[in-house]
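Have a look at the structure below before the remarks.
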Amino acid sequence: MGLNLKPLVISNPIRISDLVGKVVAVDAFNVIYQFLATIRGPTGDLLTDTHGEPTSHLSGLFYRNINLLCDGVKMVYIFDGEPHELKAKEINRRKKAKEEASEKYNLAIEEGRMDDAKKFSQGTSILTSKMIEESKYLLSLLGIPYINAISEGEATAALLSKKDLAYSCVSQDYDSILFGAKRLIRNLTISGKRKIPNKNAYIDIVPEIIEYDQVLKINNITHEQLVDIGILIGTDFNPNGFNGIGPKNALKLIQKYKKLEDIEKIKDELSNTPYKEIREIFLNPNVANIEDLNIQFKDLEKEKILKYLCDEKSFSMERVANYLRRLEKNVIKKSESLDKWF
DNA sequence: CTCGCTGA
DNA sequence: TCAGCGAGG
């Protein structure tokens with residue numbers, strides 16, 4: 001799951017009101033997986049419609065996006081395309097991890113350990129192509145544009161930020177910074193309090209922003225060197241990184257030796273790592289031409305949303321209508337306060 | 001994810 | 001008034 005850059009970055013809290021009118025490029029898979037992990041019933045089951053089809057992804061997308069739209073944030077969702085072939089190992093590892101989580105989940109259900117069941121269920125989420133299509137459909141009804149990336153979604157999100165078509169990327173993972181994104185916002189689509197695992201305590205989750213320039217500056221490194229650090233720690237394209245090297249160590253090594261080829265003690269391991277190819281993935285990512293990306297923000301289609309979510313997906317008419325009304329009021333209020341200036 | 005209820 | 005919990009789908 002991404003790479004652990006946390007110890008090497010500075011993150012500053014950001015208020016959602018700082019994002020009014022700004023475009024953010026959202027890592028769609030990352031966000032939807034989060035909804036699938038968190039939006040579950042007391043024993044870890046997903047929300048479903050009357051046919052038993054999962055609806056947790058739609059619930060999360062609907063409520064979260066309406067709130068962000070109310071706050072005046074403009075989202076563009078970026079969906080992953082074909083993964084790079086070097087990602088096969090990582091994809092396989094995730095698949096195995098899910099199978100293991102499913103076994104633990106089933107056993108916990110069988111033995112009536114419902115707390116455990118809920119815990120293990122979070123690791124079992126599978127994002128089907130049907131769920132992806134449903135998510136895209138709901139986004140289009142909400143008037144929120146989305147882009148189908150050629151390959152890694154985070155590469156395309158980073159491109160939007162580099163070209164100032166977006167102010168920032170949005171993801172929990174740090175990969176977009178390696179792709180050269182100017183900014184990354186974390187914790188935008190999760191909110192409030194989170195329980196600390198196995199403890200009876202809660203922490204406040206607040207949105208935070210990470211600046212690319214600042215990351216390079218405080219560590220006194222270049223973009224190329226940041227990518228090399230990522231390769232040492234381990235990326236999706238070389239999942240485990242190098243033996244015994246964590247973020248702090250990786251930084252020290254690159255600060256001292258400047259590049260992977262000059263680090264004597266990793267020579268053998270390096271010869272077994274396609275590091276040149278991985279560098280290329282991050283430094284010359286496979287993305288569309290910026291002119292070919294058609295991003296249009298539209299009005300939401302109220303009737304169609306009600307029809308889709310309530311008639312087809314078993315959402316409560318009252319709740320959905322309430323939410324849509326709240327957004328409408330907000331839009332009116334915003335335009336009124338704007339009118340006062342003229 | 002979010003709402004709505006509940007008990008301090 | 002508000003954190004915490006259960007339900008929604």
Side-chain angles (χ1 to χ4, degrees), chain A residues 16 19 24 26-71 73 75 77 109 112-119 121-128 130-139 141-142 144 146 170-173 185-208 300 302 304-330:
Chain A
I16 293 189
L19 297 174
V24 293
V26 182
D27 178 358
F29 275 40
N30 186 273
V31 164
I32 296 171
Y33 265 116
Q34 244 161 29
F35 293 147
L36 291 177
T38 48
I39 306 177
R40 288 171 179 270
T43 60
D45 51 329
L46 290 165
L47 305 186
T48 58
D49 61 19
T50 47
H51 310 293
E53 299 287 333
T55 53
S56 294
H57 55 306
L58 300 174
S59 186
L61 281 173
F62 177 70
Y63 292 118
R64 201 59 180 134
N65 280 313
I66 296 270
N67 278 343
L68 288 168
L69 288 171
C70 279
D71 289 323
V73 186
M75 285 76 62
Y77 274 71
I109 290 282
R113 290 176 283 117
M114 293 314 177
D115 284 357
D116 280 349
K118 175 140 191 173
K119 190 170 78 187
S121 73
Q122 300 203 2
T124 66
S125 307
I126 289 170
L127 187 48
T128 65
K130 188 175 179 199
M131 288 152 86
I132 294 165
E133 288 317 308
E134 290 169 342
S135 298
K136 289 177 181 175
Y137 180 58
L138 180 59
L139 288 171
L141 294 186
L142 288 166
I144 296 173
Y146 63 83
V170 171
S171 179
Q172 293 305 101
D173 293 343
I185 297 173
R186 302 180 71 241
N187 301 342
L188 188 71
T189 49
I190 59 177
S191 76
K193 288 180 183 297
R194 193 99 330 171
K195 203 175 189 326
I196 300 170
N198 305 320
K199 279 188 186 168
N200 204 10
Y202 292 81
I203 43 162
D204 266 326
I205 307 263
V206 289
E208 58 184 36
L300 62 77
K302 192 176 171 180
K304 284 187 184 169
I305 292 171
L306 284 167
K307 192 167 164 242
Y308 182 54
L309 290 182
C310 305
D311 293 356
E312 286 185 48
K313 293 294 171 186
S314 321
F315 280 57
S316 144
M317 184 68 104
E318 194 193 353
R319 222 161 138 165
V320 171
N322 258 334
Y323 240 73
L324 292 173
R325 209 170 306 130
R326 197 212 290 182
L327 177 59
E328 262 172 354
K329 270 190 203 160
N330 214 284

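Predicted, not measured: the structure shown is a model, and the values here were computed from it. So that the names make sense, note that chain A is the first sequence line, chain B the second, and so on, each numbered from 1.
Residues passing the ring pair (Phe, Tyr, Trp, His ring centres under 6.0 Å) test with A:F29: none are found, sequence neighbours excluded. Scored by the side chain to side chain donor-acceptor pair (under 3.5 Å) test, A:R186 finds A:Y174, A:E208 as partners (sequence neighbours excluded). A:N67 pairs by the side chain to side chain donor-acceptor pair (under 3.5 Å) definition with A:Y323, A:R326, not counting sequence neighbours. A search for side chain to side chain donor-acceptor pair (under 3.5 Å) contacts involving A:K307 returns nothing, not counting sequence neighbours. Taking the side chain to side chain contact (heavy atoms under 4.5 Å, CB included) definition, one finds that A:E318 meets it with A:S316, A:N322, sequence neighbours left out. Residues passing the ring pair (Phe, Tyr, Trp, His ring centres under 6.0 Å) test with A:Y33: none are found, sequence neighbours excluded. Checked against side chain to side chain contact (heavy atoms under 4.5 Å, CB included), A:K136 has the following partners two or more places apart in sequence or in another chain: A:F79, A:I132, A:E133, A:Y146, A:N148.
The residue A:T189 sits close only to the backbone: its heavy atoms come under 4.0 Å of sugar-phosphate atoms, none of a base. Nucleic acid contact class of A:F62 (heavy atoms, under 4.0 Å, all strands): none.
For A:D204 and C:dG4, the CG to C1' distance is 13 Å, given to the nearest whole Å.
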| said: Let's go through A:K313 and A:E134 carefully: what are the C-alpha distance in whole Å and the side-chain angles of both, what is the deciding distance for salt bridge (charged side-chain N to carboxylate O under 4.0 Å, His left out) to 0.1 Å, and is it a yes or a no? | reply: CA-CA 10 Å; A:K313 293 294 171 186; A:E134 290 169 342; 3.0 Å; yes
Under-3.5 Å N/O pairs linking protein and nucleotides 4-8 of chain B:
none

If you restrict it to nitrogen or oxygen atoms, what contacts under 3.5 Å exist between nucleotides 6-9 of chain C and the protein, and what is each distance?
unit_1 : atom_1 : unit_2 : atom_2 : d
C:dG9  : OP1    : A:S316 : N      : 2.5
C:dG9  : O3'    : A:T55  : OG1    : 2.8
C:dG9  : O3'    : A:K313 : O      : 3.0
C:dG9  : N2     : A:L46  : O      : 2.5
C:dG9  : N2     : A:L47  : N      : 3.2
C:dG9  : N3     : A:T48  : N      : 3.2

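Contact between the side-chain N/O atoms of A:R64 and the OP1/OP2 oxygens of B:dC3 is not found at any separation under 4.0 Å.
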